[in-house]
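Indexing begins at 1, ligand by ligand and atom by atom, following the structure's order.
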Amino acid sequence: MNFIFVGPPGAGKGTIAARVAQELSVPHISTGEIFRENIRGRTELGVKIKELLDRGELVPDHLTIELVKERLTHPDVQSGWILDGFPRTRAQAEALDEFVHIDLIFHLEVDDETVVGRLGGRRVHPASGRTYHVVHNPPKQEGIDDVSGEPLVKRDDDERDAIKHRLEVYRQQTAPVVEYYAAKDRLTQVDASRQMETVLAEVLDLIATRK
Ligand code: AP5
C-alpha cells in the first residue's frame with residue numbers, strides 16, 4: 001500500500017512516517033531528507049538548493065517531481081512506500097496522480113504554537129535523519145544519537161525566522177494541496193497535536209482498517 005503524509009512543518013510527518021515504515025517494512029521517502037543528503041554530499045543538486053532549504057523556500061517543482069518519479073522506480077517500492085513532504089504544491093499533487101496510485105493521504109493537523117515548540121526543540125542526527133526532541137522525545141544521553149553515539153545538531157531551518165517563513169510558505173503553497181485532496185474527499189484527518197504514541201496508534205489503526 002502507498003501512503004502520503006501532509007501537514008505543516010513540525011507536524012510530526014517524519015517521526016510518524018519513519019515509525020509506520022518500520023512497522024510495515026516499506027521505504028520511508030522524505031524529499032526533505034533526500035535534499036539534505038545531497039547538500040551534505042555537496043552534489044550538483046545539493047549546491048544548487050542549499051540556500052533555498054536554509055531560508056525555508058521550496059525547491060522548484062520540476063526538480064522535485066523528477067526526483068520523486070525516479071525514486072519510485074527503485075526496486076524497494078514494490079510492496080509499497082510512504083512519502084513524507086511530497087507533494088507540497090498543487091503541481092506536485094497533480095503530477096503524482098498521473099504516475100501512481102495512493103491508498104491513504106494522512107493530513108496531520110497542528111497549530112502554529114505547537115509547530116514553533118516542536119521545531120525549536122528538535123535535534124537531528126544528520127547522517128541517518130533520526131530525529132529527537134529535547135522534551136518530547138529526548139535521546140538517552142543529552143545531545144548524542146542513541147544508535148551511533150554521534151552528536152546531534154539543530155537544523156539550519158529550525159531557527160526562529162526560518163520557522164516563521166516555512167509556516168508562511170506552507171500556507172501559501174502547500175495549503176492548496178490539502179484543498180486539492182479535500183475537494184476529492186481523499187484526506188484522512190489526524191489530530192497530530194496529541195502525544196506521539198497516540199498519533200502513531202491512530203495512524204496504524206486506520207491503515208489496518210483499510211487493508
Ligand atoms: P522537510 O524536511 O520535509 O521539512 P518540513 O515539511 O518542514 O517538515 P519537518 O521535517 O520540519 O517536520 P515534520 O512534520 O517531519 O516533523 P518531525 O517529525 O521532524 O523539508 C525541508 C525542506 O526541504 C523544505 O523547507 C523545502 O525547502 C525542501 N522540500 C522538501 N520537500 C519538498 C517538496 N516536496 N517540494 C519542494 N521543496 C521541498 O517532528 C518535529 C519535532 O517534533 C521533532 O523534534 C519530533 O521529535 C517532535 N514531535 C513529533 N511528533 C510529536 C508529537 N506528537 N508530540 C510531541 N513532539 C512531537
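- With ligand atoms numbered from 1 in the order given, ligand 1 contributes 2 (O), 21 (C) to contacts under 4.0 Å with heavy atoms of Arg36.
- Considering backbone and side-chain N/O of Arg123, none are found under 3.5 Å from N/O of ligand 1.
- The shortest N or O to N or O distance between Leu58 and ligand 1 is not below 3.5 Å.
- The shortest N or O to N or O distance between Gly121 and ligand 1 is not below 3.5 Å.
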**Prompt:** Can Arg186 and Asp97 be said to form a salt bridge (Lys or Arg N to Asp or Glu O under 4.0 Å), step by step?
**Reply:** CA-CA 12 Å; Arg186 294 169 70 193; Asp97 272 341; 3.0 Å; yes
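- Hydrophobic clustering of Ile, Leu, Val, Met, Phe, Trp and Tyr side chains at less than 4.5 Å, counting indirect connections, unites Phe35 with Leu63.
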CA sep, side-chain torsions, deciding dist, call: Arg160, Val116, side chain to side chain contact (heavy atoms under 4.5 Å, CB included)
CA-CA 8 Å; Arg160 210 175 172 82; Val116 173; 3.7 Å; yes
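- Close contacts between ligand 1 and His136 involve ligand atoms 55 (C), 56 (N) [criterion: under 4.0 Å to a heavy atom].
- Apart from Val135 itself, the hydrophobic cluster it occupies contains Val134, where clustering links Ile, Leu, Val, Met, Phe, Trp and Tyr at side-chain heavy-atom distances under 4.5 Å.
- Every atom of ligand 1 with a heavy atom of Gly14 under 4.0 Å away is listed here by number and element: 13 (P), 15 (O), 18 (O).
- When only non-hydrogen protein atoms are considered, atom 12 (O) of ligand 1 lies nearest to Gly10 N, 2.9 Å.
- Looking only at protein heavy atoms, the nearest one to atom 28 (C) of ligand 1 is Phe35 CD1, 3.8 Å.
- With distances taken over non-hydrogen atoms, the option nearest atom 51 (C) of ligand 1 out of Arg118, Arg55, Arg194, Gln195 is Arg118.
- Salt-bridge annotation for Arg36 and Asp156: absent, with no side-chain N of the basic residue lying under 4.0 Å from a carboxylate O of the acidic one.
- For Asp161, the CG atom is loosely surrounded, since the number of other residues' heavy atoms within 6.0 Å does not exceed 12.
- In terms of protein heavy atoms, atom 4 (O) of ligand 1 is closest to Arg155 NH2, 3.3 Å.
- Under the 4.5 Å side-chain contact rule for hydrophobic residues, Tyr132 and Ile144 do not share a cluster.
- When only non-hydrogen protein atoms are considered, atom 31 (N) of ligand 1 lies nearest to Thr31 OG1, 2.7 Å.
- Nearest protein neighbour of atom 39 (O) of ligand 1, counting heavy atoms only, is Thr15 OG1, 3.6 Å.
- Per-residue contacts place Arg166 under 4.0 angstrom from the following atoms of ligand 1 (heavy atoms of the residue considered): 4 (O), 5 (P), 7 (O), 9 (P), 11 (O).
- In this structure, atom 32 (C) of ligand 1 lies nearest to the protein heavy atom Arg88 CD, 3.4 Å.
- Residue-ligand proximity, Thr64 to ligand 1, at heavy-atom distances under 4.0 Å covers atoms 33 (C), 34 (N), 35 (N), 36 (C).
- For atom 44 (O) of ligand 1, the closest non-hydrogen atom of the protein is Tyr132 O, 2.7 Å.
- Ligand 1 has no nitrogen or oxygen under 3.5 angstrom from a nitrogen or oxygen of Ile16.
- Between the side chains of Gln22 and His28, no donor N or O sits under 3.5 Å from an acceptor N or O.
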TODO: Could you walk me through whether Lys50 and Arg42 pass the side chain to side chain contact (heavy atoms under 4.5 Å, CB included) test, one step at a time?
DONE: CA-CA 9 Å; Lys50 181 176 183 335; Arg42 294 194 172 85; over 6 Å; no
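- Between Gln189 and His107, the shortest heavy-atom contact is OE1-ND1, 2.7 Å.
- Residue contacts with ligand 1: Ala11 is placed with a nitrogen or oxygen under 3.5 Å of a nitrogen or oxygen of the ligand (distance criterion only).
- If you look at Thr89 next to ligand 1, there are no close heavy atoms at all, none under 4.0 Å.
- Counting the atoms of ligand 1 from 1 in the order shown, those under 4.0 Å from a heavy atom of Gly85 are 31 (N), 32 (C), 33 (C), 34 (N).
- Distances below 4.0 Å separate heavy atoms of Gln92 from the following atoms of ligand 1: 33 (C), 34 (N), 35 (N), 36 (C).
- Which of His133, His165, Lys13 comes nearest to atom 46 (O) of ligand 1 through a heavy atom is settled by distance: it is His133.
- Under a 4.0 Å criterion applied to the non-hydrogen atoms of Glu57, ligand 1 contributes the atoms 26 (C), 27 (O).
- Shown here are the side-chain contact (heavy atoms from CB on, under 4.5 Å) partners of Asp158, two or more places apart in sequence or in another chain: Leu119, Arg122, Lys154, Arg155, Arg166.
- The two residues Leu104 and Leu206 make their nearest non-hydrogen contact at CD1-O, 4.1 Å.
- Ring geometry for Phe5 versus Phe106: interplanar angle under 30°, hence parallel rather than tilted (30 to 60°).
- When hydrogens are left out, the protein atom nearest atom 19 (O) of ligand 1 is Arg122 NH1, 2.6 Å; that is the closest non-hydrogen contact.
- Arg90 and Asp61 are not joined by a salt bridge, as no carboxylate oxygen comes within less than 4.0 angstrom of a charged side-chain nitrogen.
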